[in-house]
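The block underneath contains the structure these notes are about, expressed in structure tokens.
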There are 2 protein chains.
Amino acid sequence: MSSSVYSDGAAYVRGQFVPIAEATLPVTDWGFTRSDVVYDVVHVFDGCFFRLQDHLDRFELAMAKRRLRPPEDRTTIEAILHRCVALSGLSDSYVAMVASRGKPKVTGSRRPVDCENHLIAYAVPWVDVVPKDVQERGAHIWIASNPRVPDASVDPTVKNYQWNDLTSGLLEAHDAGFDTTVLCDAEGFLTEGPGFNVFVVKDGRVVTPDRGSLHGITRQTVLDLCAELGIEALVAPIHRSMLDEADEVFLTSTAGGVIPGARIGHRILGNDRPGPISLRLKQAYWSKHEESGHRTPVRPLEAEAAE
Amino acid sequence: MSSSVYSDGAAYVRGQFVPIAEATLPVTDWGFTRSDVVYDVVHVFDGCFFRLQDHLDRFELAMAKRRLRPPEDRTTIEAILHRCVALSGLSDSYVAMVASRGKPKVTGSRRPVDCENHLIAYAVPWVDVVPKDVQERGAHIWIASNPRVPDASVDPTVKNYQWNDLTSGLLEAHDAGFDTTVLCDAEGFLTEGPGFNVFVVKDGRVVTPDRGSLHGITRQTVLDLCAELGIEALVAPIHRSMLDEADEVFLTSTAGGVIPGARIGHRILGNDRPGPISLRLKQAYWSKHEESGHRTPVRPLEAEAAE
């Protein structure tokens, strides 16, 4: 029985599996003091990883772009993720993999190359990016007054923890009584929000920003679904002025799937409720989880031991 | 005797004083996963804090701007810093104070306001931002190809850990055989480097950028020193093209003081050695440390106990 000590979650740190409450990093780790970290999050749903290989692909690419090389190879990382979930005993889980710069092996060095990179992984109970009741009602989405950090300064396709601009927008959103926020870039083009991509629906056509955004796996799943369902979809610039004309807005995230919006800024969309295309895609998204193509069953602890 | 267990440094985490090796934070702390943190660093030199009140002022302002409210008030924070240094037994120390968002008290919440903010502090052996031998020879400073994150996205006067753009520049600099890097903004105006401000000297006049930069305490000390020494100094825009005409370039940081440059990009300054005004300011800076005005002696452990 995987039981009590891991029931709040299981983690892998410093080469060991530990209960999530014991998973820590030093306050002097550059992953903290320089936010010199890349990460990814995969969803375990009903005992299966969803699109695990896609998440591992993106994680590997992010590590390569930031020259982070923890000792564990891809096969090992995959096995670690399986084991974290198995130890936790969770059938619905938010599973994170993190590569940190670590600390210099040479005392006093300030060179990234001198650091001992390391891997952190953990499985915790499933968390939605937007609470379930808000998803049902349709999210109220604030348009942040501060611009998103530009792609030229920090590559948004490398999933990172540098959320200050997103947090600024979120604080504003909550002050104004909204659920969450989306940010535009300095030229007024829509980018993304804290932990999700954004889509705009106009005249039956679905559009998501071509800039300032993570290449979200759920974003890609939605683009794939649109093709299957015969909905025209494209990746293109979206100026914030287009939000005044939008029929629907929805958000996509591993941590929540397809999340319909009901309001964007001070504008009420449709009937102040999730729109029809958003709902259709939300339903299709969860049906996709049932199909075998993207599912990887979590290996039980016994199988791990026997390998 | 403050001795062995603290000799690598002493820290304050979760309300307790611990050896630096035991100072950690949870991998799920938003201070890590969203880099939702502000910090400051003060120098203890020869048993005395240098400009401690200025660092505490800046730290308090940064916390207020990010709405971070750890339970400890200013007087308590100050006492904690004293105790960290006293426990470490270090007479030269790099002393950090960090305010982190922490974790939500409400399970599953993604609202910053729901988090339990907390204070981290530590004193470790003194570390120079640029090694001493490089400071003597004059730093070789790379001009990064990626732009600094703009002020409108992330306020550079709020000292933060979001170093990705700085780290990108640093990786490039090391690839090219340089010691460190400075970044320009998207319009080509000079900003700062990883952990320091930058000054340019031209025709006996000293200039430091008016944008994209921390309001460094050492930067301010240098501006004060210029006034005392009768050197004309100003805070103004510096376009990167001005670097082609510069007589000298130097860097300023709590972690190193005044650090002369010998090369900027592919340009060799003067005799490929620290220039005369840089050296004069460097000397004046360290002399300033001897004066009583900015010095706060570290309270010994006995005094703490007796209070």
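Just so it is clear: chains get the letters A, B, ... in the order the sequence lines come, proteins before strands, and each one is counted from 1.
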For [X], is it the side chain, the backbone, both, or neither that has a heavy atom closer than 4.5 Å to a heavy atom of chain B?
{"X": "Arg111(A)", "result": "both"}
{"X": "Asp175(A)", "result": "side chain"}
{"X": "Tyr39(A)", "result": "neither"}
{"X": "Val98(A)", "result": "side chain"}
{"X": "Pro131(A)", "result": "neither"}
{"X": "Leu166(A)", "result": "neither"}
{"X": "Val127(A)", "result": "side chain"}
{"X": "Asp128(A)", "result": "backbone"}

With side chains defined as the heavy atoms from C-beta onward, is the minimum distance between [X] and [Y] less than 4.5 Å?
{"X": "Arg34(A)", "Y": "Pro194(B)", "result": "no"}
{"X": "Pro150(A)", "Y": "Pro147(B)", "result": "no"}
{"X": "Thr167(A)", "Y": "Trp30(B)", "result": "no"}
{"X": "Ile120(B)", "Y": "Phe32(A)", "result": "yes"}
{"X": "Thr24(B)", "Y": "Leu25(A)", "result": "no"}
{"X": "Pro112(A)", "Y": "Leu170(B)", "result": "yes"}

Between His174(B) and Val113(A), is the side-chain contact (heavy atoms from CB on, under 4.5 Å) condition met? List the steps.
CA-CA 9 Å; His174(B) 296 158; Val113(A) 74; 5.5 Å; no
Please identify, among Asn146(A), Asp165(A), Val149(A), the residue contributing the most non-hydrogen atom pairs under 4.5 Å to chain B.
Val149(A)
Can you check side-chain contact (heavy atoms from CB on, under 4.5 Å) on Tyr161(A) and Asp36(B), steps first, answer last?
CA-CA 9 Å; Tyr161(A) 279 158; Asp36(B) 199 354; over 6 Å; no
Under 3.5 Å side-chain donor-acceptor pair for Thr180(B) and Arg110(A):
no
Checking Arg66(B) against Ser168(A): is there a side-chain donor and acceptor pair closer than 3.5 Å?
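A pair is found: one side chain offers a donor N or O, the other an acceptor, under 3.5 Å apart.
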Go through [options] and name the one with the most non-hydrogen pairs under 4.5 angstrom from chain A.
{"options": "Asp155(B), Thr33(B), Leu183(B), Val154(B)", "result": "Thr33(B)"}
{"options": "Gly108(B), Ala23(B), Ala144(B)", "result": "Ala23(B)"}
{"options": "Val13(B), Thr28(B), Asn160(B)", "result": "Thr28(B)"}

Please check: side-chain N/O of Gln162(A) versus main-chain N/O of Asn164(B), any donor-acceptor pairing under 3.5 Å?
yes
